[in-house]
Amino acid sequence: MSAALPIPPRLAPILDDLTPAQRAAALALRHVLVLAGAGTGKTKTLTAGVAARIELYGMDPSRILCVTFTNKAAREMRERISLVCGEGMAPSWLGTFHALCARQLRAEPDVAHLRPGFDIRDADDTLGMVRRLVKATPRERLPRPQDGEPGDARQIAAMADRISRLKEDLITPDAAGHHVEAMIARAHERRSFIDEAGWRFVVGLYGQYQALLREQNAADFADLLMWPTLAMVHNETYRYRWSRRFTAILADEYQDVNRAQFLWLKMLSDVSGELFCVGDDSQSIYSWRGAKVGFIRGFAKEFPGAQMFKLEENFRSTGNILDASNAIIAHDPSRIPKTLYTRKGAGKPIEVLNFAYASEEADAIAAEIGRRAAAGSLWHDIAVIYRQNRLSRAIEEALIQARVPYEIVGDVGFYQRVAVKDALALVSLSARPDDRQSDEAFRRVANRPARGLGAKGLGAVEMVARERDLSLFAAVRETHLSQKAAAALTEFERVVRDIGAREGITVGERMRLLLEETGYYAMLRADDSEDAKVQLENLAELAEVADRYRKVEHLMEHAALASGAPGEKGRDRVQLLTMHRAKGLEFRHVFLPAWEENLFPGSNTRNFDEERRLAYVALTRAMEQATVSSCDYRQGTSSVPSRFLDDIPEDNRVKRWNWQTGGGGGVDSKAWAQTRREMDALGL
């Protein structure tokens, strides 16, 4: 079809910037899978695919749905499309799975048994609700976990995760019992371990949890996808109504979809037959959160006649890095074959180093980072990437001693911070004080600052609320409490209702008034700790965001969908992060410590192929230099190098620093001394 159509002037520049493989993929229609290897320009190809549908094929942007996995990716794609097609021409249905599904569910909330204006509970809220349900269960009725004690934090987190996993597999509370018994039967057939008592307990807990959500007119993140997808699967009229809205469906990171996401995409593309997916099965590393690599590998079988385009020219890394990465991933027996190549040249061999102890490894990495900085490398171009968070500690200590500035990527997200969640709860409570929907918000802030409402008093309030069908906030005045608590909560109620009733102010102004008059600001100002100062700064930043909104529900949805989103990349720090967090990022210099058996792959690993894909992802983050290391002893036990090291060809590796083999000069002591003086001056 594209050959018969002249290329519009606005589309020509973006197509001219593509390789032949990228261009062919972008112009293809119907069912299309773009197998985009690491660093091969998948985002550019996906953006061109959207632009071609608008500019060349005449599709209305309002009828194109484009889904990503992160808010950052959605923003970048919107900006790129607007540059090509003009302001306002990006698809209006462009965003993350959660954001788009929330929009679909807002339009028809009854498919999830919800009312208009429902709240969205984030992962932290979900954990709190599950915790309360578990704590309310007599200890003798709780299953005994393999590790820890019944009802401890680890068990509660595992139960919350199992509920989410059931939802991702589109299992409702009514169907959970049958599903779990079938799981147990399959495990018995395979003679593999399964936590029978734990899973059976979760079946009942799931029903209680979902009933609580419905009572509060709330949906968690998994609900956003589960209910619209189930409605499309079981209701042909609903499916046709939604599917006919769109002339094309495009999806990024297709290797990461779970069952619900796969069916959602399939159902929405049912009428148009237009499904354009970009991904790489060699970078499928999230099975632990429900992703199933089989969906990308089975694309051609699921959609007969589908076209597949392989993007194999890598624009990120040097030849030695790619040859090593290709060699490692070649041992994944089920992968879709492809071989990355580059025109950048061989570059420096991969440094494969062995040390006696972890402290020696960490000190050597810190010293080499300092040497490269002294030679002109920028801090933020350097990353240390490890398999598990706990492996960062030795590296941190060494960097501190070497006076190297660093940051750990993946710290608590902005919308997960305590003060931020408290402020959002106050605003939410002021908007719906008499609605059960506000109960979670009340629990969070009723005693912050302290108002004498302990666990016993809160339990009394909850009992009155249940008996009289009131919100917790409204039930306070009907509950017999201590004189101190009654007086403090009466004043709290007056302030919240008074400010909540004010009109003509932004949500930010409402937030500042609530924080001031409820005593929250005073509580933080009275605390002279650094943490309190940071929380005040967080609240100031949140209030500025809230000033953009006139309706509380709009701010709350923004916060819920943005929670857990990764922060902006540091511009003046060495980056420390896990392999999973490193996916999608790139650095000129990458250090990969602790490549040892029992750590990578881990001793409890069941999916060695996925661990291999993780090694491939980690190594392909490097643009110019990659350093892989192992130790003979770590944390008091002996270890052996990872099996993945054996797969790196001898021609692509050296067993010492490159500068020791003529690949660069040694440490410039004068330059390093000057670098340290500059860091001292900056207080680093």
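In this chain, residues are counted from 1 in sequence order.
Between F262 and F295, the ring-plane angle classifies as parallel under the 30° and 60° cut-offs.
In this structure E509 satisfies the salt bridge (Lys or Arg N to Asp or Glu O under 4.0 Å) test with no other residue, sequence neighbours excluded. Legend: residues meeting ring-ring contact (aromatic ring centres under 6.0 Å, His included) with F246, ordered by chain and number and at least two apart, are W93. Taking the salt bridge (Lys or Arg N to Asp or Glu O under 4.0 Å) definition, one finds that E215 meets it with R436, sequence neighbours left out. A search for side chain to side chain donor-acceptor pair (under 3.5 Å) contacts involving S471 returns nothing, not counting sequence neighbours. Looking at residues two or more places apart in sequence or on another chain, you find no side chain to side chain donor-acceptor pair (under 3.5 Å) involving R131. Residues that satisfy the ring-ring contact (aromatic ring centres under 6.0 Å, His included) test with F118, not counting sequence neighbours, are absent from this structure. Shown here are the salt bridge (Lys or Arg N to Asp or Glu O under 4.0 Å) partners of R244, two or more places apart in sequence or in another chain: there are none. The side chain to side chain donor-acceptor pair (under 3.5 Å) test applied to D152 returns no partner, not counting sequence neighbours. Applying the side chain to side chain donor-acceptor pair (under 3.5 Å) test to H98 and every residue at least two apart in sequence or in another chain returns nothing. Considering only residues two or more places apart in sequence or on other chains, Y206 meets the ring-ring contact (aromatic ring centres under 6.0 Å, His included) condition with none of them. Annotation: ring-ring contact (aromatic ring centres under 6.0 Å, His included) contacts of H113 (sequence neighbours excluded): W227.
Between the side chain of S243 and the main chain of D270, a donor-acceptor pair closer than 3.5 Å is present. Using modelled atom types, no side-chain atom of R162 and backbone atom of V202 make a donor-acceptor pair closer than 3.5 Å. Between the side chain of S269 and the backbone N or O of L265 there is at least one donor-acceptor pair closer than 3.5 Å. Looking only at distances, a side-chain donor or acceptor of D195 sits under 3.5 Å from a matching main-chain atom of G198. R78 places a side-chain N or O within 3.5 Å of a backbone atom of L94 that can act as its donor or acceptor partner. With hydrogens and angles disregarded, no donor-acceptor distance shorter than 3.5 Å links the side chain of R121 to the backbone of D220.
Both tests pass for R451 against the ring of F492: distance under 6.0 Å to the centre and angle within 45° of the axis. Remark: R289 qualifies as a cation-pi partner of Y286 under the 6.0 Å distance and 45° angle criteria applied to the six-membered ring.
Under the 3.5 Å distance criterion, with hydrogens and angles disregarded, no donor-acceptor pair is assigned to the side chains of T68 and D252. A donor and an acceptor atom, one from each side chain of K266 and Q261, are nowhere located under 3.5 Å apart. D435 and Q216 share no side-chain donor-acceptor pair at under 3.5 Å. In the model, N217 has a side-chain atom that pairs as donor or acceptor with a side-chain atom of Q437 under 3.5 Å. Between the side chains of E253 and Q255, at least one donor N or O lies within less than 3.5 Å of an accepting N or O.
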> Taking it one step at a time, do D223 and Q210 satisfy side chain to side chain donor-acceptor pair (under 3.5 Å)?
Replying inline: CA-CA 10 Å; D223 284 329; Q210 204 62 26; 3.2 Å; yes
>> Go through it in stages, so that I can follow the logic: the residues are E516 and R525, the test is salt bridge (Lys or Arg N to Asp or Glu O under 4.0 Å), and I'd like the CA-CA distance, side-chain angles, deciding distance and then a yes or no.
In response: CA-CA 11 Å; E516 189 67 61; R525 290 172 187 145; 3.1 Å; yes
> Yes or no on ring pair (Phe, Tyr, Trp, His ring centres under 6.0 Å) for W199 and H179, after CA distance, side-chain angles and deciding distance?
Replying inline: CA-CA 10 Å; W199 272 107; H179 177 80; 7.7 Å; no
> Under the side chain to side chain donor-acceptor pair (under 3.5 Å) criterion, do D60 and S62 qualify, and how do the steps go?
Replying inline: CA-CA 5 Å; D60 186 340; S62 68; 3.0 Å; yes
>> Please determine whether salt bridge (Lys or Arg N to Asp or Glu O under 4.0 Å) holds for the pair R139 and E149, giving the CA-CA distance in whole Å, both sets of side-chain angles, and the decisive distance to 0.1 Å.
In response: CA-CA 10 Å; R139 184 180 174 85; E149 295 296 322; 3.2 Å; yes
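R448 is not listed as a side-chain neighbour of T518, based on a closest heavy-atom distance of 4.5 Å or more. At least one side-chain heavy atom of Y520 sits under 4.5 Å from a side-chain heavy atom of L539.
The residues D125 and R444 are annotated as not salt-bridged, no charged nitrogen and carboxylate oxygen being separated by less than 4.0 angstrom. A salt bridge is defined here as a Lys NZ or Arg NE, NH1 or NH2 lying under 4.0 Å from an Asp or Glu carboxylate O, and D169 with R165 fails to meet this definition.
Rounding to the nearest 0.5 Å places CD of E440 at 5.0 Å from CE of M129. With rounding to the nearest 0.5 Å, the separation of CG in L46 from CZ in R80 is 9.5 Å.
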Atom pairs and distances, side-chain donor-acceptor, residues 452-467, under 3.5 Å, sequence neighbours left out:
unit_1 : atom_1 : unit_2 : atom_2 : d
E462   : OE2    : R443   : NE     : 2.8
E462   : OE2    : R443   : NH2    : 3.2

